[in-house]
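See below for the structure under consideration.
Count residues from 1 along the sequence. As the structure lists them, so they are numbered: ligands from 1, and atoms in each ligand from 1.
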Amino acid sequence: MPKSTTVGRLAVIGTGKIGQAAGKLWLHAGYEVVFGSRNPAGAAALAELGATVATPVEAARAADVVLLAVPGETVEELLPSLADALAGKIVIDATNKIGFAEGRWVSTLEPGLTEGRWMAGQLPRSTVVRAFSHIPDELLWPRGTEQALYWAMAIAGDDRAAMATLTGLIHDAGWVPVDIGGLDESGHLDPGGSVFHLFYTEIEMREVVGLTVAA
Ligand SMILES: NC(=O)c1ccc[n+]([C@@H]2O[C@H](COP(=O)([O-])OP(=O)(O)OC[C@H]3O[C@@H](n4cnc5c(N)ncnc54)[C@H](OP(=O)(O)O)[C@@H]3O)[C@@H](O)[C@H]2O)c1
């Protein structure tokens, strides 16, 4: 299948559950992927898949678009070291600052602050968009491949050009992108949001998030 974007090389920072699944989906779609790991030598299995493995800074420098897939609790410590390498680039933020309270998953950010808006504040020289944040890791790869383009993924961002690129990347990863709006409206895809850890078709998701206009 031809790729939907002109993105040359993607970086995935973090080689855990979400990073590996997302990176493998893009490799599967024919993209060049460089993983950023604290221990590049320990990620030999990813190199065997056809990816490059480097340090997080090297990976961010080498790519046009960068997926952040590191723990929400520690991402703040990592960002200063990456900020220069991420400047001027599209940063796809999958990270969640997540807690569990009164029987529900919740964002640990202050009420009213979305994860995407928080990240954009940390990386003012980058174009931050949100994706992957509401999809449980164990189904990201199988649904993106065995049931490609049946399941919706909510995406959000303020920059139209970046959102067009993200739309193509999510489509090529085997998911149907549903643009739920700008970063300030993106709480739906954050912990505790209306689509968090849930699966919908595109039509269903549009209803759930209150989008009345068809794609
Ligand atoms: N799991 C899910 O279902 C899911 C779904 C949606 C979103 N998310 C979000 O996506 C992000 C990644 O989740 P995940 O489940 O993929 O996490 P994970 O399996 O724990 O992987 C996180 C990766 O981040 C890297 N990392 C960098 N700094 C780290 C640090 N100080 N401590 C630990 N790891 C560090 C590690 O890769 P290296 O060792 O290679 O550096 C690690 O493998 C989180 O913010 C999470 O909230 C998770």
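- Scanning the protein heavy atoms around atom 9 (C) of ligand 1, the nearest turns out to be A94 O, 3.3 Å.
- Inspection of the E58 and T55 side chains reveals an N or O donor paired with an N or O acceptor under 3.5 Å.
- Under the 4.5 Å side-chain criterion, counting only non-hydrogen atoms from C-beta, H134 is not in contact with H197.
- Of all atoms in ligand 1, numbered sequentially from 1 with element shown, those under 4.0 Å from a heavy atom of S37 are 38 (P), 40 (O), 41 (O).
- Among T55, V12, V70, I18, the residue whose heavy atom sits closest to atom 11 (C) of ligand 1 is V70.
- Outside the 6.0 Å centre-distance limit, the rings of W141 and F132 are not counted as a close aromatic pair.
- The pair R61-D84 does not count as a salt bridge, with every side-chain nitrogen at least 4.0 angstrom from each carboxylate oxygen.
- At a heavy-atom cutoff of 4.0 Å, ligand 1 is contacted by no atom of F35, backbone or side chain.
- Between T95 and ligand 1, no pair of N/O atoms sits closer than 3.5 Å.
- Partner S126 forms a side chain to side chain contact (heavy atoms under 4.5 Å, CB included) with one of L86, D93, L82 and no other, that one being L86.
- The side-chain tip of R9 does not point at the ring of Y31 from less than 6.0 angstrom away and within 45° of straight on.
- Inter-residue side-chain proximity for S194 and V209 is flagged as met; some heavy-atom pair is nearer than 4.5 Å.
- Considering backbone and side-chain atoms together, E138 places no N or O closer than 3.5 Å to any N or O of ligand 1.
- The parts of D137 lying near ligand 1 are both backbone and side chain, judged by heavy-atom distances below 4.0 Å.
- Atom 46 (C) of ligand 1 has its closest protein heavy atom at N96 N, 4.1 Å.
- No N or O atom of H134 sits closer than 3.5 Å to an N or O atom of ligand 1.
- For the residue pair D172/S4, the side-chain donor-acceptor check at 3.5 Å is satisfied.
- Open room surrounds CD1 on I203; 12 or fewer heavy atoms of other groups in view lie less than 6.0 Å from it.
- Atom 37 (O) of ligand 1 has T15 N, 3.1 Å as its closest protein atom, hydrogens excluded (heavy atom only).
- No option in L140, V178, L166 other than L140 meets the side chain to side chain contact (heavy atoms under 4.5 Å, CB included) test with M153.
- Every atom of ligand 1 is numbered from 1 in the order shown, and the set under 4.0 Å from a heavy atom of A69 is 11 (C), 12 (C), 22 (C), 23 (C), 24 (O).
- Between N39 and ligand 1, a contact under 3.5 Å exists for no N or O pair.
- For F100 and W105, the ring centers sit closer than 6.0 Å to each other.
- Among G14, P56, G16, P40, the residue whose heavy atom lies closest to atom 21 (O) of ligand 1 is G16.
- The closest heavy-atom contact to atom 34 (N) of ligand 1, among the options H197, R38, K17, E115, comes from R38.
- Nearest protein heavy-atom neighbour of atom 5 (C) of ligand 1: I135 O, 3.1 Å.
- For atom 31 (N) of ligand 1, the closest non-hydrogen atom on the protein side is T74 OG1, 3.4 Å.
- Here I13 has no heavy atoms under 4.0 Å from ligand 1, in either its backbone or its side chain.
- Among S133, P136, P71, the residue whose heavy atom lies closest to atom 6 (C) of ligand 1 is S133.
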